Number of protein chains: 2
Amino acid sequence: MHSKKDVTIYDIAEKLNLSPTTVSRGLKDHPAISKKTKKRINDIAAELGYRFNTFASNLRSKRTNTIGVIIPRMNSSFMSAVLAGMEKVANEASYNLIISQSLESAEKEAVNVKTMFNNRVDGLMVSVAYDTVGVSQFEMLLEKGIPLLFFDRTLDHPQCTSIIIDNYKSGYLATQHLIAQGCKNIIHITGNLARNVYADRQRGYEYALKDAGIQADPNNTFINVLDEQAGIDCAQKILKMNPLPDGVFVDNDTCAVNCMAILMNNGIRIPEDIAFIGFNNDPISRVIRPTLSTINYPGFEMGEIAAHKLITHLNGQQSINSTNSIILRSELIARDSSKRIK
Amino acid sequence: MHSKKDVTIYDIAEKLNLSPTTVSRGLKDHPAISKKTKKRINDIAAELGYRFNTFASNLRSKRTNTIGVIIPRMNSSFMSAVLAGMEKVANEASYNLIISQSLESAEKEAVNVKTMFNNRVDGLMVSVAYDTVGVSQFEMLLEKGIPLLFFDRTLDHPQCTSIIIDNYKSGYLATQHLIAQGCKNIIHITGNLARNVYADRQRGYEYALKDAGIQADPNNTFINVLDEQAGIDCAQKILKMNPLPDGVFVDNDTCAVNCMAILMNNGIRIPEDIAFIGFNNDPISRVIRPTLSTINYPGFEMGEIAAHKLITHLNGQQSINSTNSIILRSELIARDSSKRIK
DNA sequence: CACAATTATACAACCGGTTGCATAATTATT
DNA sequence: AATAATTATGCAACCGGTTGTATAATTGTG
């Protein structure tokens with residue numbers, strides 16, 4: 001197995017008649033080491049097949065240059081955009097990212113937090129699981145002064161910044177748009193209302209209805225996990241309604257397109273019979289026919305801003321505690337699935 | 001910042017008048033420590049807010065219980081299925097996963113390999129980037145006896161097992177299916193032919209044509225990165241062809257649906273004018289209309305098998321070198337986008 | 001050439017668990 | 001009660017970079 005013994009800076013030092021200190025500094029491009037010596041060190045290191053020992057380094061220096069990220073799942077194009085944005089900023093600042101998934105389970109999320117904690121991440125960015133309750137599982141981080149930042153699905157905590165979009169406004173705009181297209185009986189398909197994103201959109205939905213003089217019907221709010229199967233289930237449920245709704249606002253494009261597909265299979269015309277609007281502006285919304293109206297959610301920017309915020313905090317340039325939340329711009333994109341008026 | 005000093009096993013030992021050794025063993029549930037002592041240790045540990053120091057542990061024990069994974073991107077549902085499968089198996093065997101993306105760049109991939117290497121992963125699973133050439137960037141791992149396994153996009157190496165599907169057969173079946181539907185002028189949209197997956201599918205495509213007595217036209221093979229934009233570009237290219245092709249086999253569902261969407265916008269009927277078949281069986285293939293014929297690619301199983309194979313090797317139960325490649329079952333799923341015969 | 005200023009290298013303690021082996025404490029055996 | 005067997009705990013070295021401070025080597029100044 002791991003047969004050959006590892007080469008250490010001591011081996012290099014011995015070979016060159018230098019001290020380990022000098023070798024360590026030479027490899028790190030420390031200004032106090034002469035160019036010649038650095039070259040000698042690097043040459044021998046390459047020759048011997050030296051590899052840097054992150055553990056020894058981290059143990060002594062008590063820094064890891066690692067940022068943890070915990071997300072519910074990495075299956076959406078929104079999430080991969082967020083991660084791409086984070087990775088770009090982190091790399092530029094020479095931080096590494098450790099990514100783990102909670103798979104929407106609060107329990108697994110807590111385990112992940114603990115692992116990150118033990119792995120001494122310098123900071124943590126989290127979008128919480130579907131059923132996470134309270135912030136107690138994060139307290140251990142804050143007690144040790146490890147900065148914690150939430151994005152998208154956030155929790156309220158005085159020491160944490162949140163990066164979000166204006167979900168209330170987005171929900172309002174989406175609903176208002178459907179109303180403007182002549183819809184009067186609008187369904188909102190959303191998630192666990194304990195999550196800020198869904199609660200805020202639901203509020204937006206309710207206020208838009210109210211402002212249009214429409215009475216919000218609690219039965220018109222469907223709560224589920226917003227995946228493909230949920231979309232299919234919702235379609236079945238809608239088909240049994242009498243009268244049928246004339247508009248559907250879904251908090252997730254994937255769920256929306258699956259729902260639409262079943263309804264269309266059953267002869268329902270979109271947008272003529274039922275107008276649809278989704279959320280996220282996933283690529284699928286542009287490919288499906290009719291093209292899906294949606295709310296644009298700037299994932300890449302969200303990732304960039306989250307990582308940037310955390311790193312400036314870590315570098316002591318700007319405390320994370322000074323900001324409560326950062327709200328990104330989101331906008332409505334009207335496409336064919338909702339356009340009933342020419 | 002990181003204000004409070006960390007609690008160590010020495011602090012616990014002092015508080016209980018025990019040796020650090022006993023505390024270390026107690027926390028690890030070592031059989032030589034009595035139940036009573038273990039309880040005392042764990043209680044005080046919790047009380048003091050002790051956290052395990054992974055670095056000190058790894059440094060001394062020279063094991064990390066960590067497996068690295070490098071993938072091109074985590075934006076496809078195929079990839080997230082693979083990762084989910086890997087994570088399930090790894091967790092059950094109490095291994096951690098470190099995941100990083102090459103973003104399809106061989107250069108970034110090499111950096112990632114090095115980082116994994118320095119982080120002393122116990123093993124590495126890789127699906128190579130679009131433009132990776134040669135295996136030299138992996139040699140350092142193999143020299144140290146760190147097992148390396150490829151999945152999906154593989155490289156040929158005598159010491160590495162590959163987990164794949166039969167891409168040749170899949171390409172053959174897809175093409176044969178189109179031929180059976182009456183297609184005679186079939187386009188194959190594929191990726192870099194240096195990658196096994198694309199080369200094998202192209203071979204399958206060519207042989208299926210040959211076996212049907214059709215001469216393969218090199219101009220009918222489009223090579224690109226198979227993303228959304230590529231799908232759009234291919235559609236533009238197809239629209240300029242004269243005569244139009246009557247069948248298109250795309251190595252990726254995402255690319256396929258984007259291509260189809262543009263063609264349909266331009267009045268082309270699918271499957272009547274052009275029959276389509278994709279690859280991967282992504283969720284989008286079921287939602288799009290017409291539903292997309294495709295090749296089912298068992299991502300979750302691939303992840304499970306890859307992780308399982310690597311872990312049994314790490315546990316010394318079965319060497320990875322004894323197997324060359326493991327081929328998973330894949331099958332054709334015929335849907336509306338290709339069905340021209342009742 | 002003497003002395004200061006600057007540059008380059010070394011010393012030694014440290015980070016916090018881990019582990020083989022020795023020793024102490026407890027229980028079982030005759 | 002004495003001795004063997006078993007169980008529980010401790011000793012001390014070790015893993016491999018890091019860092020404040022001291023010392024040595026080189027260069028500059030008058």
Side-chain angles (χ1 to χ4, degrees), chain A residues 2 4-42 44-45 48-66 94 96 114-115 117-120 122 144, chain B residues 2 4-42 44-45 48-66 114-115 117-120 122 144:
Chain A
H2 293 233
K4 291 189 198 163
K5 201 162 172 311
D6 269 351
V7 177
T8 72
I9 54 169
Y10 297 92
D11 301 324
I12 298 174
E14 197 177 5
K15 202 120 184 171
L16 292 172
N17 268 316
L18 288 171
S19 73
T21 308
T22 305
V23 175
S24 173
R25 293 194 171 125
L27 291 168
K28 277 268 158 59
D29 204 23
H30 191 285
I33 307 297
S34 71
K35 284 235 167 105
K36 273 174 242 159
T37 310
K38 275 180 192 162
K39 176 150 177 33
R40 290 204 304 148
I41 291 171
N42 281 306
I44 291 287
L48 297 183
Y50 167 77
R51 69 166 159 167
F52 183 74
N53 190 318
T54 317
F55 303 124
S57 171
N58 289 345
L59 174 59
R60 175 59 223 245
S61 63
K62 299 195 159 205
R63 309 195 70 239
T64 64
N65 275 304
T66 299
S94 59
N96 281 100
K114 191 139 202 173
T115 305
F117 186 61
N118 287 341
N119 280 316
R120 300 291 199 279
D122 293 337
K144 295 271 190 235
Chain B
H2 292 237
K4 292 189 197 164
K5 200 162 170 311
D6 268 350
V7 177
T8 71
I9 55 169
Y10 297 92
D11 301 323
I12 298 174
E14 198 177 6
K15 204 121 185 170
L16 292 173
N17 269 314
L18 288 171
S19 72
T21 308
T22 305
V23 175
S24 172
R25 292 190 174 131
L27 291 168
K28 277 270 157 63
D29 204 23
H30 191 284
I33 308 296
S34 70
K35 284 232 166 108
K36 273 174 241 160
T37 310
K38 275 178 191 163
K39 175 148 177 39
R40 290 204 305 151
I41 292 171
N42 280 305
I44 292 287
L48 298 181
Y50 166 78
R51 68 167 160 166
F52 183 74
N53 189 318
T54 317
F55 304 123
S57 172
N58 289 345
L59 174 59
R60 176 59 223 246
S61 63
K62 300 196 158 203
R63 308 196 69 239
T64 64
N65 275 303
T66 299
K114 191 138 201 174
T115 305
F117 185 62
N118 287 340
N119 280 314
R120 301 292 198 278
D122 292 337
K144 296 271 190 233

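Convention: sequence-line order gives letters A, B, ...; per-chain numbering from 1. Remember, it's a predicted structure, so these values are computed and weren't measured experimentally.
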Rounded to whole Å, the CG-P distance (Leu16(B) to dA8(D)) equals 17 Å
**Request:** Using a heavy-atom cut-off of under 4.0 Å over every strand shown, decide if Phe55(A) touches base, sugar-phosphate, or nothing.
**Result:** nothing
Ile9(B) CD1 to dC15(C) P, in whole Å, measures 13 Å
Once base and sugar-phosphate atoms are separated, protein heavy atoms under 4.0 Å mark nucleotides 19-24 of chain D, 5' to 3', with B, S and - as BB----
When rounded to whole Å, the CG to P distance for the pair Asn53(A) and dC14(C) reads 21 Å
With sequence neighbours left out, the residues meeting salt bridge (Lys or Arg N to Asp or Glu O under 4.0 Å) with Arg120(B) are Asp6(A)
OG1 (Thr8(A)) and CD (Glu14(A)) are apart, to the nearest 0.5 Å, by 9.0 Å
Determine: side-chain N/O of Thr22(B) to OP1/OP2 of dG10(D), distance under 4.0 Å, yes or no.
yes
### Message
At less than 4.0 Å, is any side-chain N or O atom of Tyr50(B) found next to OP1 or OP2 of dG17(C)? Yes or no.
### Response
yes
Side chain to side chain contact (heavy atoms under 4.5 Å, CB included) with Thr54(A): of Thr115(B), Leu59(B), Asn119(B), only one passes, and it is Asn119(B)
(Q) I want to check one thing: is the phosphate of dG10(D), taken as OP1 and OP2, less than 4.0 Å away from some side-chain N or O of Ser19(B)? (A) yes
note: Asp29(B), atom CG; dA8(D), atom P; distance rounded to Å ~ 12 Å
Measuring to OP1 and OP2 of dT18(C), would you say a side-chain N or O of Ser57(B) lies under 4.0 angstrom away?
yes
The residue among Thr37(A), Ile33(A), Ile9(A), Leu18(A) that forms side chain to side chain contact (heavy atoms under 4.5 Å, CB included) with Arg25(A) is Ile33(A)
Atom CG of Leu27(B) and atom C1' of dT19(C) are separated, to the nearest Å, by 16 Å
From NZ of Lys35(B) across to C1' of dT9(D) the rounded distance in Å is 18 Å
Practice task
Answer with yes or no whether the side chains of Thr64(A) and Asp122(A) bring together a donor and an acceptor at under 3.5 Å.
Solution key: yes
note: Lys36(B), atom NZ; dA8(D), atom C1'; distance rounded to Å ~ 11 Å
His30(B) atom NE2 is separated from dG17(C) atom C1', nearest whole Å, by 14 Å
Distance below 4.0 Å between Thr37(A) side-chain N/O and dT9(C) OP1 or OP2
yes
Ranking Leu18(B) and Leu59(B) by the position along DNA chain D of their nearest nucleotide, the one closer to 5' is Leu18(B)
- Task: Tell me whether the OP1 or OP2 atom of dG16(C) has a side-chain N or O from Lys62(A) closer than 4.0 Å.
- Result: yes
Tell me if a side-chain donor or acceptor on Arg51(B) pairs with a main-chain N or O of Val7(B) at a distance below 3.5 Å.
no
Exercise. Cut-off 3.5 Å, side chains only: do Ser19(B) and Thr22(B) have a donor facing an acceptor?
Worked result: yes
Regarding Asn17(B), tell me which of base, sugar-phosphate or nothing describes its non-hydrogen contacts under 4.0 Å with the strands shown. sugar-phosphate
